Amino acid sequence: DVQLVESGGGLVQPGGSLRLSCAASGFTFSSYYMNWVRQAPGKDREGVAVVESDGTISYDDSVKGRFSISRDNAKNTLYLQLNTLKTEDTAMYYCAKALPAGSGYEWSDWGQGTQVTVS
């Protein structure tokens, strides 16, 4: 079965940094797009970043220039480096397995999430 386990969240001051990890298993990791998605209380889920199976990367405008997504296919692990954190970055961050769909991406599986709090 697909398993996605996020870690690395925590409490950080504005301007600080965190590094999130997602350990993946149960599927051929290298064949899938991988996303980081976040959700703040009372708000919709928001796609943060995606790395495609060929390594192509894209970011939401709200985090462009501050966050960096990467993947290590040999370790079946996805990463998100969060720099210059702002209070509005506070959310639960999820790792999502994805496939291309139309003009965007389809999130097919999720982890349990890791909480990032900036205050």
Side-chain angles (χ1 to χ4, degrees):
D1 293 340
V2 172
Q3 291 188 345
L4 299 167
V5 182
E6 301 94 335
S7 62
L11 175 65
V12 64
Q13 296 178 346
S17 299
L18 287 171
R19 182 173 173 84
L20 309 184
S21 298
C22 170
S25 62
F27 64 100
T28 304
F29 180 78
S30 61
S31 296
Y32 288 85
Y33 294 17
M34 295 298 298
N35 280 53
W36 284 101
V37 182
R38 66 185 181 185
Q39 186 171 29
K43 297 185 177 181
D44 292 336
R45 287 174 290 182
E46 176 186 38
V48 174
V50 59
V51 54
E52 300 177 9
S53 55
D54 69 353
T56 301
I57 292 169
S58 61
Y59 298 96
D60 184 80
D61 287 342
S62 66
V63 306
K64 191 175 297 182
R66 299 188 298 117
F67 292 7
S68 180
I69 190 172
S70 61
R71 66 191 298 162
D72 187 336
N73 288 341
K75 296 181 179 179
N76 286 356
T77 303
L78 178 73
Y79 303 96
L80 185 68
Q81 180 68 41
L82 299 78
N83 296 324
T84 319
L85 282 161
K86 304 175 180 179
T87 56
E88 51 263 47
D89 294 319
T90 296
M92 186 73 74
Y93 284 71
Y94 299 92
C95 176
K97 173 174 169 283
L99 289 170
S103 61
Y105 310 96
E106 179 181 352
W107 304 321
S108 60
D109 295 280
W110 302 82
Q112 84 288 347
T114 186
Q115 178 67 39
V116 172
T117 302
V118 185
S119 66

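The structure displayed is predicted, hence computed values, not measured ones.
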Taking the side chain as C-beta and beyond, is there a heavy-atom pair between Pro14 and Thr87 under 4.5 Å? yes

Give me the one residue out of Leu78, Thr56, Leu80 that meets side chain to side chain contact (heavy atoms under 4.5 Å, CB included) with Val51. Leu78

Gln39 side chain vs Ala91 backbone, donor-acceptor pair below 3.5 Å: no

Drop me the distance from Leu4's CG to Phe29's CZ, to the nearest 0.5 angstrom. 8.5 Å

Kindly confirm or rule out a cation-pi arrangement of Arg45 over Tyr94, judged by NZ or CZ under 6.0 Å from the six-membered ring centre and within 45° of its axis? no

Of the non-hydrogen atoms in Leu20 and Gly9, which two are nearest, and what is the gap between them? CD2-N, 3.6 Å

Of the non-hydrogen atoms in Ser30 and Ser53, which two are nearest, and what is the gap between them? O-CB, 3.4 Å

Side chains of Lys97 and Met34, heavy atoms from C-beta outward: is any pair under 4.5 Å? yes

Side chain proximity check, Ser62 to Glu88, heavy atoms < 4.5 angstrom: no

Exercise: identify the closest heavy-atom pair between Ser108 and Ala98: OG-N, 4.4 Å

To the nearest 0.5 Å, how far apart are CD1 in Ile69 and CD in Gln81? 12.5 Å

To the nearest 0.5 Å, tell me how far Ser25 OG sits from Asp1 CG. 9.0 Å

Distance (rounded to the nearest 0.5 Å) between Arg19 CZ and Ser68 OG: 8.0 Å

Please give me the minimum heavy-atom distance between Lys75 and Thr77, naming the atom from each residue. O-OG1, 2.9 Å

All side-chain contact (heavy atoms from CB on, under 4.5 Å) counterparts of Leu85, not counting sequence neighbours: Val12, Leu18, Phe67, Leu82, Asp89, Val118

Correct closest heavy-atom pair for Ala49 and Tyr59 would be CB-CD2, 3.5 Å

Stepwise, does the side chain to side chain contact (heavy atoms under 4.5 Å, CB included) test hold for Cys22 with Tyr79? CA-CA 6 Å; Cys22 170; Tyr79 303 96; over 6 Å; no

Do you know which two heavy atoms are closest between Ala101 and Glu106, and how far apart they sit? CB-CB, 3.8 Å

Is the shortest side-chain heavy-atom distance between Arg38 and Val63 below 4.5 Å? yes

With heavy-atom distances below 4.5 Å as the criterion, would you say the side chains of Gln115 and Thr90 are in contact? yes

d(Asp109 CG, Asn35 CG) to nearest 0.5 Å is 12.0 Å

Is there a path of hydrophobic side-chain contacts, each under 4.5 Å between heavy atoms of I/L/V/M/F/W/Y residues, joining Val37 to Met92? yes

Can you list everything that forms a side-chain contact (heavy atoms from CB on, under 4.5 Å) with Leu99? Sequence neighbours excluded, please. Tyr32

If you group Ile, Leu, Val, Met, Phe, Trp and Tyr by side-chain heavy-atom gaps below 4.5 Å, do Val2 and Trp36 land in one group? yes

Remaining members of hydrophobic cluster (4.5 Å side-chain criterion), Tyr33: Val50, Tyr105

